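Computed from a prediction, not measured in an experiment: that's the story for all the values here. One-based numbering along the sequence shown.
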Amino acid sequence: MTEKKRNVLVLSMGGTMGMRPLEGGTLAPDAVLADLFHWVPELRNLAGVNVEVLQDIDSSQMLPEHWVQLARRVEEAQNEHLWDGIVVLHGTDTMAYTASALSFLLPALTLPVVFTGGQRPLAVTRTDARGNLIGAVESALDGPVEVMIYFNNYALRGNRATKVAISDFEGFGSPNFPPLGHAGIDWDWNRDIAWPIARRPSIWQGLPESLPTPPLVLPWVPGLEVHNLIQALSKQWSIILEAFGTGNMPIPGELRDCLKEFIESGGLVFIKSQVNRGSVALGAYAPGMAIRELGIRGGRDMTREAMVTKLMVLKALGLTNDKIRSMMVRSLAGELTEAH
Ligand code: ASN
């Protein structure tokens with residue numbers, strides 16, 4: 001009996017993988033991904049693969065509109081019942097943002113969605129993009145039903161991943177969560193840690209039409225003028241302050257009053273740590289405690305990418321600020337480690 005051929009939909013958003021060097025060496029998109037089988041003919045041995053080019057851009061140019069466009073196509077594809085999994089080709093610069101956004105936009109996913117790309121283009125000889133593409137297709141066929149990033153032999157949970165290297169092939173890390181899978185001689189999937197289907201929220205009545213502008217993200221530095229922050233606040237609906245260590249930063253009286261007023265008039269404030277590994281704990285030191293007393297919450301061990309996109313999706317759903325605050329410290333798609 002022959003095994004039924006399985007099918008993977010490849011959605012291309014662009015990135016280095018599909019670029020070629022211009023004269024002088026600068027990389028630019030060059031329609032490479034529309035001709036994927038020319039570059040990686042062996043893809044056909046793995047699965048029935050269909051390629052759709054949605055965008056062909058450097059991922060630094062990616063906008064929240066593109067996240068919604070991609071989420072819409074993924075949602076449609078799930079309903080087509082033709083595919084066993086989906087691969088998204090994407091530039092590395094903002095891949096973790098798009099992957100995180102998708103995990104929140106599509107909480108009730110039914111297929112694995114695997115992002116990948118390359119640190120070098122597919123069209124150059126010593127490329128990492130070919131191996132990444134093959135591993136991503138395998139992950140889409142056999143991995144858990146999650147939004148993942150497959151890169152340099154590891155399948156990471158998308159909303160736990162962050163770009164960690166500009167020039168190494170090991171482009172992504174997952175500082176606070178183990179890899180979901182590893183491709184060595186054989187694949188090793190850690191299925192016990194996959195995000196349980198039973199824990200997936202059902203609050204979404206469909207995809208939001210659009211997303212709000214991102215929150216202002218501001219890393220505190222020693223000696224920063226409080227006025228810069230106070231001025232910036234007046235134009236925001238939300239701010240994520242990146243504080244030190246467990247979530248400490250100075251909050252002089254003037255800033256305290258301003259944050260209080262901002263929150264009372266409907267603004268949302270969250271604290272992230274500038275340190276990627278570990279969790280915010282506002283009660284650990286007095287400066288963090290002073291922040292917590294203002295009713296401000298920490299983002300626990302979420303990446304910046306997860307925190308920003310989660311907040312945008314929750315806002316787009318039209319939830320109250322109280323509800324948003326409580327959902328920011330709960331895991332919706334495995335993006336944070338909850339307090340026990
Ligand atoms: N600038 C590129 C991008 O994000 C980087 C890459 O894909 N390696 O589109």
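The aromatic ring centres of W187 and Y150 sit less than 6.0 Å apart.
In this structure, Q236 contributes its side chain and G267 its backbone to no donor-acceptor pair below 3.5 Å. The closest donor-acceptor contact from the side chain of K310 to the backbone of M327 lies under 3.5 Å. Side-chain atoms of S238 come within 3.5 Å of backbone atoms of L268 as a donor-acceptor pair (strictly under, hydrogens ignored). Within the 3.5 Å criterion, the main-chain N or O of G334 finds a donor-acceptor partner in the side chain of R160. The closest donor-acceptor contact from the side chain of H66 to the backbone of L63 lies under 3.5 Å. Side chain of E52 to backbone of L9: no donor-acceptor contact under 3.5 angstrom is found. Of the possible polar contacts, one joining the E335 side chain to the A333 backbone as a donor-acceptor pair under 3.5 Å is found. The backbone N or O of K323 sits less than 3.5 Å from a side-chain atom of T320, completing a donor-acceptor pair. In this structure, the side chain of D128 does not engage the main chain of G118 through any donor-acceptor pair within 3.5 Å. Side-chain atoms of D301 come within 3.5 Å of backbone atoms of T337 as a donor-acceptor pair (strictly under, hydrogens ignored).
In terms of the ring pair (Phe, Tyr, Trp, His ring centres under 6.0 Å) criterion, W237 has no residue partners (sequence neighbours excluded). Residues satisfying the ring pair (Phe, Tyr, Trp, His ring centres under 6.0 Å) test with F172, not counting sequence neighbours, are F151.
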Given L224 and L218, is the side-chain contact (heavy atoms from CB on, under 4.5 Å) satisfied, shown in steps? CA-CA 11 Å; L224 192 82; L218 187 94; 4.0 Å; yes
Walk me through it: do L36 and L122 pass the test side-chain contact (heavy atoms from CB on, under 4.5 Å)? CA-CA 9 Å; L36 209 55; L122 204 48; 3.7 Å; yes
Does the pair L156 and M148 meet the rule for a side-chain contact (heavy atoms from CB on, under 4.5 Å), with working shown? CA-CA 5 Å; L156 309 175; M148 291 176 269; over 6 Å; no
Before giving the answer on side-chain contact (heavy atoms from CB on, under 4.5 Å), spell out for L70 and T98 the whole-Å C-alpha distance, their side-chain angles and the decisive distance to 0.1 Å. CA-CA 9 Å; L70 178 62; T98 310; 3.7 Å; yes
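With no hydrogens or angles considered, no side-chain donor-acceptor pair links S174 and N176 at under 3.5 Å. Side-chain contact of E242 with S273: a donor-acceptor pair under 3.5 Å is absent, judged by distance alone. Using modelled atom types and a 3.5 Å distance limit, the side chains of N159 and S103 yield a donor-acceptor pair. For Q78 and T110, the side-chain atoms include at least one donor-acceptor pair closer than 3.5 Å. Under 3.5 Å, the side chains of D58 and S60 contain a donor-acceptor pair of N or O atoms. No side-chain donor-acceptor contact under 3.5 Å links H90 and Q55.
Considering only heavy atoms from C-beta on, L211 comes within 4.5 Å of M312 through its side chain. Under the 4.5 Å side-chain criterion, counting only non-hydrogen atoms from C-beta, T16 is not in contact with T92. Between V88 and M95 the shortest side-chain heavy-atom distance does not fall below 4.5 Å. T309 places a side-chain heavy atom less than 4.5 Å from the side chain of W67. Within the 4.5 Å cutoff, the side chain of P208 has heavy atoms near those of the L105 side chain.
Around CZ of R277, the count of heavy atoms belonging to other residues, nucleotides or ligands within 6.0 Å does not exceed 12. Other residues, nucleotides and ligands place more than 12 heavy atoms under 6.0 Å from the CZ atom of F262. In I166, the CD1 atom is not crowded: 12 or fewer heavy atoms of neighbouring residues, nucleotides or ligands sit closer than 6.0 Å. Counting non-hydrogen atoms of other residues, nucleotides and ligands closer than 6.0 Å to CZ of F37 gives a total above 12.
Residues E338 and R300 are not paired through a salt bridge, judged by the lack of any N-O separation under 4.0 Å between the basic side chain and the carboxylate. Using a cut-off of 4.0 Å between Lys/Arg side-chain N and Asp/Glu carboxylate O, K260 and D257 are scored as not salt-bridged. The pair E76-R73 meets the salt-bridge criterion, since a charged nitrogen lies less than 4.0 angstrom from a carboxylate oxygen. Ionic pairing of E261 and R256 is not present here: no N-O contact between side-chain nitrogen and carboxylate oxygen is shorter than 4.0 angstrom. Under a 4.0 Å N-O distance rule, the pair R6/D84 does not qualify as a salt bridge.
By the criterion of side-chain heavy atoms lying less than 4.5 angstrom apart, applied directly or through intervening Ile, Leu, Val, Met, Phe, Trp or Tyr residues, L319 is grouped together with M302 in one hydrophobic cluster. The cluster map of Ile, Leu, Val, Met, Phe, Trp and Tyr, joined by side-chain heavy atoms under 4.5 Å apart, puts V137 and L11 in different clusters. Residues M62 and V113 fall within the same hydrophobic cluster, defined by Ile, Leu, Val, Met, Phe, Trp and Tyr side chains chained together at heavy-atom separations under 4.5 Å. Under the 4.5 Å side-chain heavy-atom criterion for ILVMFWY residues, a single connected hydrophobic cluster contains both L314 and M307. Note: the hydrophobic cluster containing L216 also contains I263 (ILVMFWY, side chain heavy atoms under 4.5 Å, direct or indirect links).
Remark: R157 qualifies as a cation-pi partner of F177 under the 6.0 Å distance and 45° angle criteria applied to the six-membered ring.
A pairwise comparison of heavy atoms in P112 and G143 identifies CG-O, 3.6 Å as the closest pair.
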